Amino acid sequence: MPELPEVETVRRQLEPRLTGRRVTEAWSHPSPKFVPARELVGKRLGAMGRRGKFLINPIDGEHDIELIIHLGMTGQLLCVDQPPNIENQHLRAWWMLDNETTLEFIDVRRFGRIRVVPSGDYDSIPTLANAGPEPFDESFDAADFWQNLRRSRRPIKTQLLSQRPIAGVGNIYADEALWLAQINPKARRLGRQRADRLLTALREVLEGGLANGGTTLRDYRNADGNKGTNQHQLMVYGRSSRACYRCSAILRSEQIDGRTTTWCPDCQGK
DNA sequence: GTGATAACCTGCTCGC
DNA sequence: TGCGAGCAGGTTATCA
């Protein structure tokens with residue numbers, strides 16, 4: 001499940017390979033989720049950027065438009081030095097570039113999306129339009145984070161997944177950060193100190209994920225088709241009914257806002 | 001504006 | 001062995 005570390009890993013790999021390349025041919029699955037991919041034929045790609053879990057590519061030249069890609073649950077962007085592998089039944093779109101390389105968008109569950117929008121016009125993508133600050137933005141501090149969290153009374157886990165208080169956090173890194181900060185995922189109000197701890201923990205787990213090339217539980221692959229290794233560092237995610245690494249209590253799992261959430265009922269509170 | 005819920009999707013696992 | 005149910009979860013749409 002690509003979250004910020006996985007998306008950023010892909011972005012860093014794609015940027016030098018795609019910048020300045022012209023799209024010579026494109027194909028997409030007929031689903032409206034992927035059809036906009038075809039609009040890029042003849043256009044030149046800019047430097048790949050990222051906002052939260054969204055990849056954003058400004059199209060160079062006279063076209064004032066941007067390519068927006070969300071990997072969803074199982075999306076992969078592969079850059080290969082050969083024609084597209086049309087035998088792959090999960091191939092949803094591909095772009096052939098003017099240097100004979102191909103960018104393939106593979107998505108088993110079809111939760112990913114491709115959009116082409118006027119530059120900066122994200123009204124049709126509410127999650128992107130309302131995304132909170134980037135976790136590693138130096139101008140974003142704990143006071144801002146605390147203020148963002150105070151706007152809602154929903155459980156802290158739900159707030160993190162909404163992308164509003166901070167961008168790029170998904171189910172895995174939310175559980176890991178809450179464990180690290182010793183905060184119960186059902187907490188609805190955080191004091192300033194706990195908000196400080198949570199922001200520090202979020203930055204720590206996201207940084208770790210990035211350093212390890214992302215977390216591969218099943219589907220995630222980077223732009224070279226390789227797995228990440230951060231799954232070996234997880235403290236709580238996927239460890240329900242096993243002993244907490246910090247206090248040895250048995251980890252509990254429950255659905256919060258429809259998402260499986262794992263936490264320690266002892267050192268993270270009841 | 002906020003919160004809750006369902007739907008979108010397909011592969012895998014488990015129980016019968 | 002085959003079948004059906006349940007689960008995984010990020011985003012969007014809809015309703016209260």
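Just so it is clear, the values below take in all heavy atoms, side chains as well, and ignore hydrogens, waters and symmetry mates. Naming convention: chains lettered A, B, ... in sequence-line order (proteins, then strands); numbering from 1 in each chain. Computed from a predicted structure; not experimentally measured.
Position along DNA chain B of the nearest nucleotide to A/Asp257 versus A/Ser31 favours A/Asp257 as the more 5'-ward residue. The residue among A/Thr158 and A/Arg110 whose nearest nucleotide of DNA chain B lies closer to the 5′ end is A/Thr158. The residue among A/Ile125 and A/Thr260 whose nearest nucleotide of DNA chain C lies closer to the 5′ end is A/Thr260. Ranked by how close their nearest DNA chain C nucleotide is to the 5' end, A/Pro126 and A/Asn171 are led by A/Asn171.
A/Gln231 places its CD atom 17 Å from the C1' atom of C/dA8, with the value rounded to the nearest Å. Here C/dT11 presents its P atom at 13 Å from CG of A/Asp107, a figure rounded to the nearest Å. Taking atom CG of A/Asn130 as the reference point, atom C1' of C/dG10 lies 15 Å away to the nearest angstrom. Look at CD1 on A/Ile256: it is 17 Å from C1' on C/dC7, rounded to the nearest Å. Across the protein-nucleic acid pair, A/Tyr220 atom OH and C/dG10 atom P stand 15 Å apart, rounded to whole Å. Regarding A/Leu161, its CG atom lies at a distance of 6 Å from the P atom of C/dG10, rounded to whole Å. The separation between A/Tyr122 atom OH and C/dT12 atom P is 14 Å, rounded to whole Å. Rounded to whole Å, the distance from CZ on A/Arg239 to P on C/dA8 is 17 Å.
Applying the side-chain hydrogen bond (donor to acceptor under 3.5 Å, both in side chains) test to A/Asn99 and every residue at least two apart in sequence or in another chain returns A/Thr101. Applying the salt bridge (charged side-chain N to carboxylate O under 4.0 Å, His left out) rule to A/Arg192 yields the partners A/Asp196; only residues at least two apart in sequence or on another chain are considered. For the side-chain hydrogen bond (donor to acceptor under 3.5 Å, both in side chains) test, residues two or more places apart in sequence or in another chain that qualify with A/Thr260 are A/Gln255. For the side-chain hydrogen bond (donor to acceptor under 3.5 Å, both in side chains) test, no residue two or more places apart in sequence or in another chain qualifies with A/Ser162. A search for side-chain hydrogen bond (donor to acceptor under 3.5 Å, both in side chains) contacts involving A/Glu25 returns nothing, not counting sequence neighbours.
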Return the polar atom pairs (N/O with N/O) between nucleotides 14-16 of chain C and the protein under 3.5 Å, or none.
none

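If you check the side chains of A/Asp98 and A/Thr24, you find no donor sitting under 3.5 Å from an acceptor. Of the N and O atoms on the side chains of A/Tyr220 and A/Glu3, not one donor lies less than 3.5 Å from an acceptor on the other residue.
The side chain of A/Arg109 approaches C/dA8 more closely than any other nucleotide in the set C/dT12, C/dG10, C/dA8.
Of the side-chain N and O atoms in A/Lys33, none sit less than 4.0 angstrom from OP1 or OP2 of C/dT12.
Under the 30°/60° scheme for interplanar angles, the aromatic rings of A/His29 and A/Phe34 are found to stand perpendicular.
Screening residues 220-237 of chain A for salt bridge (Lys or Arg N to Asp or Glu O under 4.0 Å), with sequence neighbours left out, gives A/Arg17-A/Asp224. Sequence neighbours left out, not one pair with a member in residues 74-83 of chain A passes salt bridge (Lys or Arg N to Asp or Glu O under 4.0 Å). For residues 167-181 of chain A, the set of pairs meeting the salt bridge (Lys or Arg N to Asp or Glu O under 4.0 Å) definition, not counting sequence neighbours, comprises A/Lys157-A/Asp175.
Note on A/Gln255: only backbone sugar-phosphate atoms sit closer than 4.0 angstrom, heavy atoms only; bases stay farther off.
In this structure a side-chain-to-backbone donor-acceptor pair under 3.5 Å is present from A/Arg189 to A/Arg150. Proximity of a side-chain donor or acceptor of A/Arg38 to a complementary backbone N or O of A/Ser28 within less than 3.5 Å is detected. Side-chain atoms of A/Trp95 come within 3.5 Å of backbone atoms of A/Ala37 as a donor-acceptor pair (strictly under, hydrogens ignored).
Within residues 147-157 of chain A, the residues having any heavy atom closer than 4.0 Å to DNA chain B are, in order of number, A/Ser152, A/Arg153, A/Arg154.
When side chains are defined from C-beta on, A/Val23 does not count as touching A/Lys43, because their heavy atoms never get closer than 4.5 Å.
You can see that DNA chain B meets the heavy atoms of chain A within a 4.0 Å-exclusive cut from B/dT2 to B/dC12, reading 5' to 3'.
Axis deviation across the helix from B/dT2-C/dA16 to B/dC16-C/dG2 amounts to 40°, comparing end segments of five pairs, rounded to 10 degrees.
Donor-acceptor pairing under 3.5 Å, judged by distance alone, is present between the side chain of A/Arg259 and the base of C/dT11.
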